[in-house]
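This chain uses plain numbering: 1 for the first residue, then up along the sequence. Remember, it's 1-based here, ligands and their atoms both numbered in the order they're listed. Just so it is clear, the model here is predicted, and its values are computed rather than measured.
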Amino acid sequence: MHPNSKSMSIVAIVGRPNVGKSSLFNRLTKTRDAIVADFPGLTRDRHYGKLEIQDSQFLLVDTGGFEPKNKEQIVQEMALQTKQAINESDIIIFMMDYRKGLHPTDEHIADVIRKNDKPKIIVINKAEGILDEKAFSDFYGLGFKNLIRLSSAHGEGISALKDFLLSFGEAIELSLIHISEPTRLLSI
Ligand code: GDP
């Protein structure tokens with residue numbers, strides 16, 4: 001692929017059910033699902049949508065959509081979904097719910113995420129109006145460096161998230177061109 005051709009980084013949103021993944025997905029995407037046909041190898045039971053930030057384009061993946069039957073199944077399913085998302089994406093958005101606080105399943109997901117070195121951004125959703133950083137100390141305790149507060153429903157923190165994605169996306173593109181691994185770049 002020519003270095004100047006347009007490319008898309010794949011961004012997966014992972015997190016427990018009900019933290020607000022779909023709300024963020026819907027806020028960020030303009031087109032959804034229809035474009036999936038052009039990307040062989042992607043899991044079909046997920047939502048895919050196009051996210052444009054300035055001149056960069058991202059394929060956003062919402063990993064939600066299953067109904068867990070019990071606590072054990074949530075943990076297993078989350079670990080599986082998270083691993084799959086990590087495998088098929090370039091950037092991970094890990095979402096937690098400010099109102100529910102840090103949940104044991106969040107810690108399981110964090111363990112899975114921590115084990116790989118793909119760029120990741122931690123978003124604490126449903127945090128509308130919460131400005132004091134101390135309110136997020138439990139989440140900071142997981143040890144991730146990129147953490148932002150968000151309200152998918154009210155639009156707070158969205159531009160900070162976009163800034164992160166833009167910087168990650170550009171870094172990925174540059175390094176991929178550098179090591180010339182064209183299979184990781186998707187033509188649009
Ligand atoms: P998902 O299961 O992780 O995809 O979560 P959803 O996007 O379906 O959201 C779960 C619930 O949280 C819904 O009732 C949303 O309206 C609510 N929700 C999502 N984002 C926010 C937010 O930023 N603030 C508040 N207060 N509620 C939210």
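In the candidate list Ser23, Gly129, Ala153, Pro17, Ala153 is nearest to atom 22 (C) of ligand 1, counting heavy atoms. Among Lys126, Glu128, Glu156, Lys21, the residue whose heavy atom sits closest to atom 3 (O) of ligand 1 is Lys21.
In the vicinity of Ser152, heavy-atom distances shorter than 4.0 Å reach the ligand 1 atoms 20 (N), 23 (O). Below 4.0 Å from some heavy atom of Arg16 lie the following atoms of ligand 1, by number and element: 3 (O). When each atom of ligand 1 is checked for a heavy atom of Asn125 under 4.0 Å away, the hits are 19 (C), 20 (N), 21 (C), 22 (C), 23 (O).
Considering backbone and side-chain N/O atoms, Asp62 never comes within less than 3.5 Å of an N/O atom of ligand 1. In terms of N/O distances under 3.5 Å, ligand 1 is approached by Ser22.
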Check step by step if side-chain contact (heavy atoms from CB on, under 4.5 Å) holds for Asn125 and Val19. CA-CA 7 Å; Asn125 194 39; Val19 293; 5.6 Å; no
Please determine whether side-chain contact (heavy atoms from CB on, under 4.5 Å) holds for the pair Met96 and His103, giving the CA-CA distance in whole Å, both sets of side-chain angles, and the decisive distance to 0.1 Å. CA-CA 8 Å; Met96 289 177 276; His103 186 281; over 6 Å; no
List the steps, then state whether salt bridge (charged side-chain N to carboxylate O under 4.0 Å, His left out) holds for Lys126 with Asp97. CA-CA 6 Å; Lys126 308 192 190 180; Asp97 181 335; 3.1 Å; yes
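For Arg99, the closest heavy-atom approach to ligand 1 falls below 4.0 Å.
Aromatic ring pairs are classed by plane angle as parallel below 30°, tilted from 30° to 60° and perpendicular above 60°; the pair Phe139 and Tyr98 is tilted.
Here the CG-CD1 distance, from Leu24 to Ile13, works out to 4.5 Å after rounding to the nearest 0.5 Å.
A salt bridge between Glu128 and Arg99 is present, with a side-chain N of the basic residue lying under 4.0 Å from a carboxylate O of the acidic one.
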